[in-house]
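Note that these values count all heavy atoms, side chains included, but never hydrogens, waters or copies made by symmetry.
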Amino acid sequence: MKQVDKIFEYTILYDFYGALLKDKNRSVFEDYMFNDMSLSEIAEDLGITRQGVRDIVERSKQSLVDYEDKLGLIKRFEIVKENASEINSTLDDIREYVSVYDSKEKIENMLKDIGDRTHAIIEDF
């Protein structure tokens, strides 16, 4: 996986689970990942070794991955996002059918599809 992809992945994980990290770990992770501080700079600020900072960053990354593995919030969010997008697409189709075809049966099927998708979203939570 590309470095940029990994950074993006950890950014998303942090958005969902960062508050679950210990304060010190969260601060170190933020400085390293988001504030573009080097391990040496963070180590100097905290009065610990560069390796100590690296260990905190790596443990924090692993904790974020573990939270997603256990809780699955990002996966569930992606499913909801996909369903919402498909609902919007179906609504656009309905608008087209209403204005062009005036097909009651097709519209009823589309409305049923919207109902099924919204039910799936509600059930997921």
- Is there a side-chain contact between Ile114 and Ile94, using heavy atoms and a 4.5 Å cut-off? yes
- Item | salt_bridge(Asp66, Lys70) N-O dist < 4.0 Å | no
- Query: So, do Leu91 and Asn88 sit near enough that their side-chain heavy atoms are less than 4.5 Å apart?
  - Reply: yes
- Query: Which pair of heavy atoms, one from Val28 and one from Ile42, lies closest together, and at what distance?
  - Reply: O-CD1, 4.0 Å
- Taking atom CZ of Arg117 as the centre, report whether more than 12 heavy atoms of other residues, nucleotides or ligands fall under 6.0 Å from it. yes
- Around atom CG of Asp69, are there more than 12 heavy atoms of other residues, nucleotides or ligands at under 6.0 Å? yes
- Are the side chain of Glu41 and the backbone N or O of Ser38 linked by a donor-acceptor pair below 3.5 Å? yes
- Task: Test ring-ring contact (aromatic ring centres under 6.0 Å, His included) on Tyr67 and Phe16 and set out the steps.
- Result: CA-CA 9 Å; Tyr67 290 138; Phe16 277 84; over 10 Å; no
- Intermediate values then yes/no, side chain to side chain contact (heavy atoms under 4.5 Å, CB included), Leu111 and Thr90: CA-CA 8 Å; Leu111 290 172; Thr90 303; over 6 Å; no
- Message: Taking Leu13 as the starting point, is it possible to reach Ile79 by hopping between hydrophobic residues whose side chains are less than 4.5 Å apart?
- Response: no
- Task: May I ask you to decide if Leu21's main-chain N or O and Arg26's side chain share a donor-acceptor pair within less than 3.5 Å?
- Result: yes
- Kindly give the heavy-atom pair with the smallest separation between Asn25 and Ser60, and that separation in Å. CB-OG, 3.4 Å
- Please report the closest heavy-atom contact between Thr118 and Gly115, naming both atoms and the distance. OG1-O, 3.0 Å
- Task: Apply salt bridge (charged side-chain N to carboxylate O under 4.0 Å, His left out) to the pair Lys75 and Glu78, showing each step before the final yes or no.
- Result: CA-CA 5 Å; Lys75 182 180 177 183; Glu78 289 298 326; over 6 Å; no
- Please confirm whether the backbone N or O of Leu73 pairs with a side-chain atom of Tyr17, one donor and one acceptor, at under 3.5 Å? yes
- Between the CG atom in Asp15 and the CG atom in Leu64, the distance rounded to the nearest 0.5 Å is 10.0 Å
- Query: Which heavy atom in Ile74 sits nearest to a heavy atom in Glu68, and how many Å separate them?
  - Reply: N-OE1, 3.0 Å
- Query: Would you find a donor on one side and an acceptor on the other, under 3.5 Å apart, between the side chain of Ser85 and the backbone of Lys81?
  - Reply: no
- Please tell me if the side chains of Phe29 and Lys61 come closer than 4.5 Å, counting only heavy atoms from C-beta onward. yes
- Query: Any link between Phe77 and Tyr14 through a network of hydrophobic side chains (Ile, Leu, Val, Met, Phe, Trp, Tyr) touching at under 4.5 Å?
  - Reply: yes
- Query: Measuring from Ser89:OG to Asp93:CG, what's the distance to the nearest 0.5 Å?
  - Reply: 5.0 Å
- Item | Crowding at CZ, Phe8 (>12 non-hydrogen neighbours, <6.0 Å) | no
- Message: Do Tyr10 and Met33 have side chains that approach each other closer than 4.5 Å (heavy atoms only, starting at C-beta)?
- Response: yes
- Distance-minimising heavy-atom pair for Asn83 and Ala120: ND2-CB, 4.5 Å
- Task: Using modelled atom types only, decide if a donor and an acceptor are shared between the side chain of Ser27 and the backbone of Asp23 within a distance under 3.5 Å.
- Result: no
- Test side chain to side chain contact (heavy atoms under 4.5 Å, CB included) on Asp116 and Lys112 and set out the steps. CA-CA 6 Å; Asp116 291 345; Lys112 182 185 178 313; 2.9 Å; yes
- Query: Which heavy-atom pair separates Ile56 from Lys24 by the least distance, and what is that distance?
  - Reply: CD1-CE, 4.0 Å
- Item | Short N-O contact, Lys6 and Glu9, less than 4.0 angstrom | yes
